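As the structure is a computational prediction, the values presented were derived from the model and not from experiment. Chain letters run A, B, ... following the sequence lines, proteins first, then strands; residues in each count from 1.
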Amino acid sequence: MSKTIIIRKGLDIKLLGEAEKVKSGVDFASDFVIKATDFHGLTPKLVVKIGDKVKAGTVLFFDKNRESIKFTSPVSGEITDIVRGEKRKILQLNIRATTETQYEDFGVKDAGKLNADEVKNHMLTGGVWPFVKMRPIDVIANPSDKPKAIFISAFDSSPLAPDYDYVLHGENAAFQAGITALSKLAPKVHLTVNGAGAPDAVFANAKDCQINKITGKHPAGNVGTQIHHIDPINKGEFVWTVNAQDVVIIGRLFLTGKFDASRVIALAGSEVKAPKYYKVTLGTPVKKLLADALKDGQNRIISGNVLTGDQISADGHLGFYHNQITVIPEGAEPKFLMTKGWMEPGFGKFSTNRSYFSWLMPGKKYRMDTNLNGEIRNFVVTGEMEKVFPFDIYPMQLIKSVMYKDLDLMEKLGIYEVAPEDFALCEFVCTSKIDIQDVIRKGLDEVYTECM
Amino acid sequence: MKAIEKMMRKMEPDHHGKWAKFHPVWDGFFTFLFTPGETTKKGSHIRDGIDLKRTMFVVVMALIPCLLFGIYNTGHWHYVAVSGNFDLPYWDQIGDKIIYGALQVLPLVIVSYGVGLGVEFAFAIKNGHPIQEGFLVTGMLIPLIVPADVPLWMVAFATVFAVVLAKEVFGGTGMNVVNVALTARAFLFFSYPTMMSGDKVWMSGLSDVANSPEGFTGATPLGELATMATNEPIYSSIDAFSAKWSVWNSMMGYIPGSVGETSFIMIMLGAALLLYTGIASWKIIFSFFAGGLAIGYLLNATAVNGYMELDPVHHIMLGGFAFGAVFMATDPVTAAQTSTGKYIYGFLAGAMAIVIRVLNPAFPEGVMMAILLMNVLAPLIDHYVIQSNIKRRMKRLKTA
């Protein structure tokens, strides 16, 4: 156990609607969806067609460029639709689930006794490989790469995030099996826990990994922050990351031989009447979850958290990598300058600087809407991003280098170490309202096509 | 509010109609009245409450104390000039002074805003981009850094020059290299030196007074100090200077000078607002003063003439030093952008300002030059700061 890493920069955005620690089930829903768009940069190659019967674990499609990476069905049932977009690009597969889930049997395996290739093959055929992402670029890992380490964050510090200590409590066996499997793939597995409190036994007793402690404001829980402070990525190196909940899904594959993609998600946000936790399966429709659960008004439903999640409709589905559904009010109403706009005193307006009087109430929790709170401008204000960006990287200079596509400079300024989610807070505080995560994603794409 | 919004919507020019070109103008007014209902699409779904308008609004608020004091101070020195009585009590004839000062200063503000915003709107229409907020602050800064007597047409000229050549040609707010307000002042300073320096312009109305009493001069403390470094000093020693212009007077601002720059106290009020809200960089302000004081003490230690003996604390309260530190050097667009760079930039600018003042008697005041010079050098400072970050990363690669 190494010493605690203290993150001094960052920002905790206090929002209303934190999920109460109650797990509820949800009525059986039948129309599950796997969105190919959840996997950035993927060109899917279909294996199934409409009308095919699948079991949980049956391959739906694979990656055209890396054929060993397979995507499997989270439930058993029938393929009802394949939704395509422009140029017949596959957007999503709809699956009508049967009430009784049937699983493909991949065979029970003891990860501790397998070698790296066997673990890898088992994960690839079982459909859990897409849970492993790589840095740089922040896409699904290349099975052929040799990562220098695998990083797992044992907590999520983003606003209204689910509490992993609560969510994974009691999953010790599956979590440990997952860690053991991953430990075969890289020289080192780093499990980083929140140093502010005592982590749950599921993390504290984990073996086959190095446990690190980190404390501080968001983004201390982001795996990118942890990598940067524990073992930063240099050019030519790879680090893999897996979400803690997904480690459990990987573990279950080894323990039971089944692809059991159930997870506990938080339904949170100021517009949820009774925010709490739900046990659902990947690709679950949110419709039943949200029925009668929301307050009136125009709401935005987000799969994921408010900083990095995807906007979905009321008929939408839980994203592949998401552990929460957040509902906040839309803010499409123009705001008059004196009452709600830029000249108001601003007692209820959250801001990192103190130009609004909300600094008088430091403990207040906010009901924030999706209004941009201003217009898009050129960069003017400097120094604000540095306050919330705990990397030894110059955020604004990196963003600008991406904007004018200077690959050489991007590399030098540290593009290999970052993922769009690391810039979520920069985007939040930006006075000029620039979509920074989008810019960084474009930069990473550029690097991927040009340099890798 | 709904009624106003409805009215505005009615006036919105159609994007295909004959008034389409003027959409930015309408947009400028609409977004002034209403923060638009535009929402986030992806990425961060919530955004900080601040926008550029609020930022600029806070800076304008911070300038108000300087403006109000400047109005009164202009009135005071006008009555000193016409009466020829240098020792006229400061807080006397308050009403008269305010009225005179307001009549002298407010037209400057109106002309500066009117002309500057006119140019901004013209460019917005021509280029089809939205009106950007940068000029809200520039328009207030320009009247505060010129003598109250400067003719309005000159202010108009200088504003047009600065907005077009210092800002719009580079792409508007956020793209400029040098501070726009200081460019306006530099334009006036070099084009109409008789209206921007000497001993006739600093007391409003002095040039109209036919016969001043024997020994009466309208020079600023800095103008008088500049003579100390020449062969014809007007004071026998620096103590004689301090007897006439005490530290107290320059701290309160009871001295002649450009409209808004004289009162250290009022500037510090503005600085307090800017620093507390987090709008201005304390690093720049702090290091600017540190640079000025450091050079001041260095000159004290190596003094060969009376000017070099001036107390550095007195130095930074004279002229535009504090105003430059708080409102000019901190302009985020033209200052250094990296954290370390801000310290270096501020320190050098402050140091340079005092160096120009003391060692170059041709320019009694050096703050404007110093900041403009450092504006140009800021990218270079940033470059080296960033290079050190890059080197650190390269080193890690090698050891790994």
Engaged part of [X] at the chain A interface, taking heavy atoms whose separation is under 4.5 Å:
X: B:Leu273; result: neither
X: B:Val333; result: both
X: B:Lys283; result: neither
X: B:Gln337; result: both
X: B:Thr334; result: neither
X: B:Thr55; result: side chain

When the aromatic ring centroids of [X] and [Y] are compared, is their separation below 6.0 Å?
X: B:Tyr345; Y: B:Phe288; value: no
X: B:Tyr343; Y: B:Phe347; value: no
X: B:Phe29; Y: B:Phe121; value: yes

For chain B, which candidate among [options] shows the most heavy-atom pairs at distances under 4.5 Å?
options: A:Ile302, A:Ile436, A:Ile13; answer: A:Ile302
options: A:Gly346, A:Gly374, A:Ser355; answer: A:Ser355
options: A:Leu15, A:Ile328, A:Leu409, A:Ile393; answer: A:Ile393
options: A:Lys235, A:Glu386, A:Gln397; answer: A:Gln397
options: A:Gly341, A:Gly309, A:Cys430; answer: A:Gly309
options: A:Asn305, A:Thr352, A:Thr308; answer: A:Thr352

Relative to chain B, which segment of [X] carries a heavy atom at a distance below 4.5 Å: side chain, backbone, both, or neither?
X: A:Met368; value: both
X: A:Arg441; value: neither
X: A:Ala332; value: both
X: A:Glu417; value: side chain
X: A:Asn371; value: both
X: A:Phe379; value: backbone

Please indicate whether [X] has more than 12 foreign heavy atoms, meaning atoms of other residues, nucleotides or ligands, lying under 6.0 Å from its [atom1].
X: B:Phe286; atom1: CZ; answer: no
X: A:Gln298; atom1: CD; answer: no
X: B:Glu5; atom1: CD; answer: yes

Parallel, tilted or perpendicular: rings of A:Phe389 and A:Phe423 (30°, 60°)
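Because their plane-to-plane angle lies in the 30° to 60° range, the rings of A:Phe423 and A:Phe389 count as tilted.
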
Would you call the rings of A:Phe428 and A:Phe350 parallel, tilted or perpendicular, taking 30° and 60° as the class edges?
tilted

Counting C-beta onward and ignoring hydrogens, is there a side-chain heavy-atom pair between A:Leu407 and A:Met410 closer than 4.5 Å?
yes

Distance-only donor-acceptor check, side chains B:Asp48 and A:Asn373, under 3.5 Å:
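There is no such pair (donor and acceptor under 3.5 Å, judged by atom type) between the side chains of B:Asp48 and A:Asn373.
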
Judged by modelled atom types alone, do B:Lys53 and B:Thr31 share a side-chain donor-acceptor pair under 3.5 Å?
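A donor-acceptor contact under 3.5 Å links the two side chains.
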
Given the options B:Glu133, B:His129, B:Met61, B:Met175, which has more heavy-atom pairs under 4.5 Å with chain A than any of the others?
B:Glu133

Less than 4.0 Å between a side-chain N and a carboxylate O, is that true for A:Lys433 and A:Glu375?
no

